[in-house]
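Down below is the structure, laid out as structure tokens.
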2 protein chains.
Amino acid sequence: MQVPCYECELRSCGLFKRITPDELGSINEIKREHLALPAGSEIIRAGDESPELYTLYAGWAFRFKMLADGRRQILNFLLPGDLCGLQAAMFDAALYGIEALTDVEICVLPRRKVWTLFDQKPGLAFDVAWLGAHSKSLVDENLTSVGCRTAAERVAALIVMLYKRLKLLGMVAADSSFEFPLTQQHIADALGLSLVHTNKTLAKLRRLGMFKLAKGRLTLANPRVLARVALYFDEEVPQRPLI
Amino acid sequence: MQVPCYECELRSCGLFKRITPDELGSINEIKREHLALPAGSEIIRAGDESPELYTLYAGWAFRFKMLADGRRQILNFLLPGDLCGLQAAMFDAALYGIEALTDVEICVLPRRKVWTLFDQKPGLAFDVAWLGAHSKSLVDENLTSVGCRTAAERVAALIVMLYKRLKLLGMVAADSSFEFPLTQQHIADALGLSLVHTNKTLAKLRRLGMFKLAKGRLTLANPRVLARVALYFDEEVPQRPLI
DNA sequence: CGGTTCGTTGAAGTAACTCAACGGCTGTGG
DNA sequence: CCACAGCCGTTGAGTTACTTCAACGAACCG
């Protein structure tokens with residue numbers, strides 16, 4: 001347990017709802033480990049029963065489903081502060097996989113202890129439910145993209161959504177640039193597009209001057225314009241709580 | 001409050017986790033009303049702040065998002081026993097709409113009272129979170145359909161999924177037939193297909209003998225075959241709890 | 001160096017879309 | 001009673017957005 005929850009950097013950036021020192025202490029008590037995993041690791045494997053709940057402390061990950069014939073759908077991307085495997089912990093088997101996109105660090109919370117903690121600190125139960133609902137709203141948004149938007153609109157929507165989330169995390173530089181570790185295959189699998197068409201769509205948006213992409217870093221020309229392309233009904237990302 | 005929770009028909013069909021009489025009594029206490037609404041009613045309007053949480057007692061509904069230019073994506077369908085507006089109740093504004101597909105009856109639970117109830121009965125908080133997670137898994141499945149499957153596979157997957165859910169509710173007859181109130185426009189909007197193509201795809205599956213559809217009732221020839229068409233990794237729908 | 005992964009581009013094919021028209025059914029109002 | 005409008009489903013024809021196939025260059029690594 002290298003990093004006590006008291007000193008969690010995620011907490012200090014104002015990301016989480018203020019929780020009582022009492023609650024924080026309880027979380028710290030059940031936190032079992034702080035693990036580092038390399039890019040490509042499977043954090044949760046579909047079909048496994050997962051005895052643990054994780055929070056992503058550093059790095060990127062993604063949640064996905066596979067079809068019987070091997071096609072893959074990326075459901076959403078996970079950023080620091082996100083819970084991994086809430087559903088998996090509530091059901092008996094995970095219905096999806098979670099893979100580390102970059103090197104990651106995760107905090108391990110034993111499932112049983114989390115549930116018993118709820119009995120003592122009901123406020124935390126609300127917060128966990130909140131995080132689950134937030135993550136669901138990301139999937140909703142992605143489904144809307146894949147179901148309704150054209151290829152260019154989907155790419156724009158994905159980038160804008162990541163931009164907004166990273167901005168809340170303080171991971172966007174002053175020039176509107178941020179780390180962008182996705183390969184084009186990831187983007188294709190998230191948006192329900194072929195690899196080739198994803199490439200051509202990205203090229204088109206780049207030629208239009210919507211953004212630059214070099215050395216794993218994406219620089220946005222103008223977030224508002226891109227949001228317009230994505231046809232957003234301008235809804236804001238809600239404020240976030242806990243863990 | 002015509003129907004006390006004690007006598008709830010949903011409860012009697014073994015659908016929900018056994019909860020203590022004490023918990024049940026608490027739910028009954030905060031239940032405010034039992035409302036009947038005609039088909040087409042908006043149960044939740046996107047953008048509204050919703051002071052209430054509902055449970056769908058009878059009838060069908062659907063949750064959807066609209067794009068700026070009017071395109072609609074149906075996120076998932078709601079059946080008796082499902083919660084309406086959990087996300088909406090946790091955030092300050094609903095990010096989606098919910099519309100009654102048939103005439104419906106809903107139980108009204110004032111939002112504030114639900115949260116305070118959690119403090120007294122933490123077990124219920126877990127159950128609500130469970131229901132939220134379950135609903136999310138439906139969206140995951142739908143996203144996988146829209147992102148990965150062909151039109152015929154999507155239609156098959158949708159029908160199989162509804163069949164499985166209705167079966168758990170005891171709403172499937174001995175001949176594998178069930179009420180099917182969706183118009184082709186609903187199916188199209190849920191699957192990210194055009195109306196015309198949805199029609200042609202349905203016709204094709206019908207010609208192949210996968211199912212019959214007449215007078216708002218769908219009869220499945222063989223659920224297993226349809227599941228095969230949908231390319232399911234045979235995952236079972238988990239057992240359900242509460243409210 | 002050769003192997004691997006990732007990005008790029010051209011060309012040909014197809015699944016799904018749009019447009020358009022029509023038939024059946026239901027409810028409404030003269 | 002018929003006339004008419006509105007909704008839903010159906011079908012044909014032409015178009016397009018996206019897919020698949022194939023090949024190649026750049027970067028990275030053992």
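Naming: A, B, ... by sequence-line order, numbering from 1 per chain. Since the model is a prediction, treat every value here as computed from it, not as a measurement.
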- Message: Quick one, A:N142 with A:V146, criterion side chain to side chain contact (heavy atoms under 4.5 Å, CB included). Give me CA distance, side-chain angles, the key distance, then yes/no.
- Response: CA-CA 6 Å; A:N142 199 200; A:V146 178; 4.0 Å; yes

- Query: Checking side chain to side chain donor-acceptor pair (under 3.5 Å) for the pair B:D48/B:S50: CA distance, chi angles, key distance, verdict?
  - Reply: CA-CA 6 Å; B:D48 278 9; B:S50 164; over 6 Å; no

Using whole Å, what does the distance between atom [atom2] of nucleotide [N] and atom [atom1] of [X] come to?
{"X": "A:K215", "N": "C:dG7", "atom1": "NZ", "atom2": "C1'", "answer": "15 Å"}
{"X": "B:Q184", "N": "D:dG9", "atom1": "CD", "atom2": "P", "answer": "5 Å"}
{"X": "A:Q185", "N": "D:dT19", "atom1": "CD", "atom2": "C1'", "answer": "13 Å"}
{"X": "B:L202", "N": "D:dC8", "atom1": "CG", "atom2": "P", "answer": "15 Å"}
{"X": "A:L191", "N": "D:dC18", "atom1": "CG", "atom2": "P", "answer": "11 Å"}
{"X": "B:R207", "N": "D:dG9", "atom1": "CZ", "atom2": "C1'", "answer": "14 Å"}
{"X": "A:N199", "N": "D:dC18", "atom1": "CG", "atom2": "P", "answer": "14 Å"}
{"X": "B:R71", "N": "D:dA17", "atom1": "CZ", "atom2": "P", "answer": "12 Å"}

- May I ask you to decide if B:D189's main-chain N or O and B:R72's side chain share a donor-acceptor pair within less than 3.5 Å?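 Absent.
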
- Message: Tell me if a side-chain donor or acceptor on A:S145 pairs with a main-chain N or O of A:R154 at a distance below 3.5 Å.
- Response: no

- Among D:dT11, C:dG7, D:dG9, which is the nearest nucleotide to the side chain of B:A203? D:dT11

- Query: Is a salt bridge present between A:D82 and A:R165, judged by a nitrogen-to-oxygen distance below 4.0 Å?
  - Reply: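 Result for this pair is yes, salt bridge flagged.
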
- Salt bridge B:K164-B:E141, side-chain N to carboxylate O under 4.0 Å: no

- Just wondering, are more than 12 heavy atoms of other shown residues or ligands nearer than 6.0 Å to CZ in B:R217?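 Yes, because the 6.0 Å sphere around CZ of B:R217 holds more than 12 heavy atoms from other groups.
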
- Message: If the test is side-chain contact (heavy atoms from CB on, under 4.5 Å), which one of A:I44, A:I74, A:V139 qualifies with A:R63?
- Response: A:V139

- Query: Between which residue ranges does DNA chain D form stems of three or more consecutive Watson-Crick or G-U wobble pairs, both distances under 3.5 Å?
  - Reply: C:1-30 with D:1-30

- If a protein heavy atom is under 4.0 Å from the base, mark B; if only from the sugar-phosphate, S; if neither, -; do that for nucleotides 14-20 of chain C going 5' to 3'. --BSBB-

- With a 4.5 Å limit on heavy-atom distance, are the side chains of B:L78 and B:Y54 in contact?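 Not in contact.
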
